[in-house]
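Below is one structure; the comments refer to it alone.
In what follows, every heavy atom counts, from backbone to side chain, and hydrogens, waters and symmetry copies are set aside. These numbers were taken from a predicted model, which means no experiment stands behind them.
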Amino acid sequence: MHDSSYPPLGALPQDDGVLFRVWAPKPDDVQLALNRCRDTLPMEPVGDGYYELHVSEAKPGDRYRFLLEENQLLPDPASRFQPEGVHGPSMIVDPSVYAWQDEGWSGIPREDLVFYELHVGTFSPEGSFNGVQERLPYLRDLGVTAIELMPVADFPGRWNWGYDHAALYAPANTYGTPDDLRRLVDAAHHYGLAVYLDVIYNHLGPDGAYITSFAPMFTDKHETPWGQGLNFDDDRSDGVRSLFIDNALHWLREYHIDGLRLDATHAIKDDSPVHFLAELNDAVRSLEEGWDRHLIAEDPRNINTFLLPRERGGYGLDGVWTDDFHHQVRHMTAGDEEGYYANYAGHRASELAVTINDGWYYQGQKTPDGTPFGTDPSDIDLDQCVICIQNHDQVGNRPEGRRLHHEIDAASYRAATALLLFAPELPLLFMGQEWAASTPFQFFTDHNPDLGEKVREGRREEFEDFSGFSGEVPDPQSTQTVRRSTLEWDEREEGAHARTLALYHALLDLRSQLDHPPDATAHGDYGLAVQRGDYTLCVALDDEVTVPRPSGQVALHTEDPEYAEEPTPPDIGDDEVRFLRSGAVIFRTGSA
């Protein structure tokens with residue numbers, strides 16, 4: 001058997017043919033059905049549930065399936081491409097054929113990351129990898145440093161958010177070919193942009209995830225929001241862990257991906273002595289190809305173990321999506337207090353200042369319902385925390401997919417934007433927020449009718465604590481839902497959209513000059529001053545707020561006519577800044 005700790009799976013081209021390797025401990029026999037061969041070919045068991053077969057006549061472009069017991073003819077769970085969809089045959093792909101042009105690429109240091117999250121299918125009218133590639137110069141000029149792709153592993157149907165993944169190794173055929181994704185990453189590196197990929201190791205999609213016919217992917221030891229937990233610590237869990245780690249390494253090696261966003265890590269249940277995330281971190285750190293890659297967890301629990309180094313008992317991850325900043329800003333500007341926002345009801349500038357200074361707010365204190373929440377962040381770096389005022393979840397998991405700027409006034413949105421981009425934590429933008437896009441981002445799928453109905457009902461149950469889901473919501477299965485969610489690029493050059501975009505350009509340009517830790521202080525319930533070296537941000541998240549004026553000159557204010565269609569400038573006196581309505585002023589307080 002292959003001597004790697006994580007044997008590469010799939011159809012693996014070699015100089016003298018193709019080696020097929022599959023992990024299949026469930027069936028008693030596995031045969032290869034190759035389109036160029038009349039008969040199926042028995043695969044050789046090589047131990048631990050793995051099967052291998054070398055076929056000298058097999059070539060890239062050939063289609064194949066695996067034949068299991070009871071005449072199950074199934075695609076390869078590690079297929080590199082599913083040209084006819086997740087239920088069709090797999091295609092052999094040789095990743096070494098692509099001629100990479102990024103030899104000099106050394107990545108983006110963590111502290112310089114500014115993420116731009118996008119959904120490939122709705123980011124551009126083309127809905128493809130090529131559509132993203134064509135707009136890379138725009139993203140570079142905007143001032144972001146990394147694009148973060150929502151999941152691209154293939155899914156059933158014509159469109160999907162990506163979290164119903166079925167073919168874990170295959171880029172979605174509706175977005176393009178594997179080489180189209182490689183070209184996108186290559187071009188991004190050319191423009192100085194890193195590429196991060198959202199991957200899902202907490203559940204499998206409900207249709208087309210044929211890996212469950214090959215291997216014991218689930219365990220009844222754990223429950224998740226999607227049902228039984230994936231098997232990271234039960235019988236045969238070594239193979240499950242190896243499969244997902246091989247999957248992660250494949251994205252990094254074969255596509256030169258710069259880092260992975262690990263979806264919903266709170267649902268990765270593992271009682272092993274070494275947690276799966278720690279083992280994944282070790283494998284990525286051992287990667288010999290290229291530059292340092294980063295692993296960033298999405299986890300709402302404020303757990304420092306994710307970020308502490310391995311030698312101190314942590315998992316060693318590079319970062320984590322933290323919710324406190326978003327939820328506090330959302331509550332203070334839009335008034336949200338249903339569901340998980342109940343933990344932030346009553347939060348004001350003093351609580352928000354703690355989040356900015358420390359990385360997250362909840363550090364073990366009790367939530368309003370009396371539950372202790374969070375851990376001490378004092379040993380983590382602020383640039384290990386990713387914050388936002390919009391992301392796909394916080395927009396798309398609203399009944400109508402409305403964005404923050406759809407629900408608050410433009411002045412408050414500009415103020416929240418300034419705070420986001422001035423804070424030392426790593427900011428994440430969600431596609432279109434930089435021009436206050438008119439389009440919503442709604443939840444959409446293209447499942448078969450029976451499953452589609454279950455999805456509709458499941459959404460209502462998942463968000464039963466939010467009153468908006470009790471009425472009519474957009475149909476996830478409707479073509480109109482995905483069309484409504486597609487960005488309208490022409491609008492960014494018009495009126496208030498263009499002014500908002502100009503503000504984002506200015507703030508991101510200024511951000512590149514900020515390299516000091518923060519000193520955030522509250523002034524009343526809705527006023528904040530945040531000093532970072534030679535710059536100080538004064539911000540008001542409500543009307544009629546006064547903040548002490550720092551020394552120095554005004555570098556930028558959000559009520560400038562360049563950024564505000566109907567500006568109401570703050571009254572900047574010798575001793576104080578009086579905001580007539582929400583806004584922000586940045587002072588340059590030194591010689592910068």
Centre of Tyr563's six-membered ring, under 6.0 Å away, within 45 degrees of the axis: is that where NZ or CZ of Arg499 sits? no
Under the 6.0 Å and 45° cation-pi test, does Arg261 pair with Phe115? no
Got a donor-acceptor contact below 3.5 angstrom from the Trp360 side chain to the Thr375 backbone? yes
ring-ring contact (aromatic ring centres under 6.0 Å, His included) between His327 and Tyr361, intermediate numbers included: CA-CA 11 Å; His327 294 352; Tyr361 174 75; over 10 Å; no
Check: Tyr344 ring centre within less than 6.0 Å of Tyr362 ring centre: yes
Would you please classify the geometry between the His256 ring and the His189 ring as parallel, tilted or perpendicular, with 30° and 60° separating the classes? parallel
Assign the ring pair Trp105 / Trp291 to parallel, tilted or perpendicular, where the plane angle (0 to 90°) is split at 30° and 60°. perpendicular
Is there a side-chain contact between Thr305 and Tyr315 (heavy atoms, below 4.5 Å)? yes
Looking at side-chain heavy atoms only, is the closest gap between Tyr116 and Glu434 below 4.5 Å? yes
Modelled atom types, side-chain donor and acceptor of Asp323 and Tyr340, under 3.5 Å: no
Just verifying a value: how many Å separate Leu541 CG and Thr333 OG1, rounded to the nearest 0.5 Å? 7.0 Å
Compute the ring centroids of Trp489 and Phe123, then answer whether they are less than 6.0 Å apart. yes
With a cut-off of 6.0 Å (strictly less than), are more than 12 heavy atoms of other residues, nucleotides or ligands near CG of Asp383? yes
Flag, side chain of Thr322 to backbone of Asp324, donor-acceptor distance under 3.5 Å: no
What I want to check is whether the side chains of Ser124 and Glu134 have a donor and an acceptor closer together than 3.5 Å. no
Name the one of His392, His203, His119 that satisfies ring-ring contact (aromatic ring centres under 6.0 Å, His included) with Tyr163? His392
Check whether any side-chain N or O of Arg532 sits under 3.5 Å from a backbone N or O of His516 as a donor-acceptor pair, and report yes or no. yes
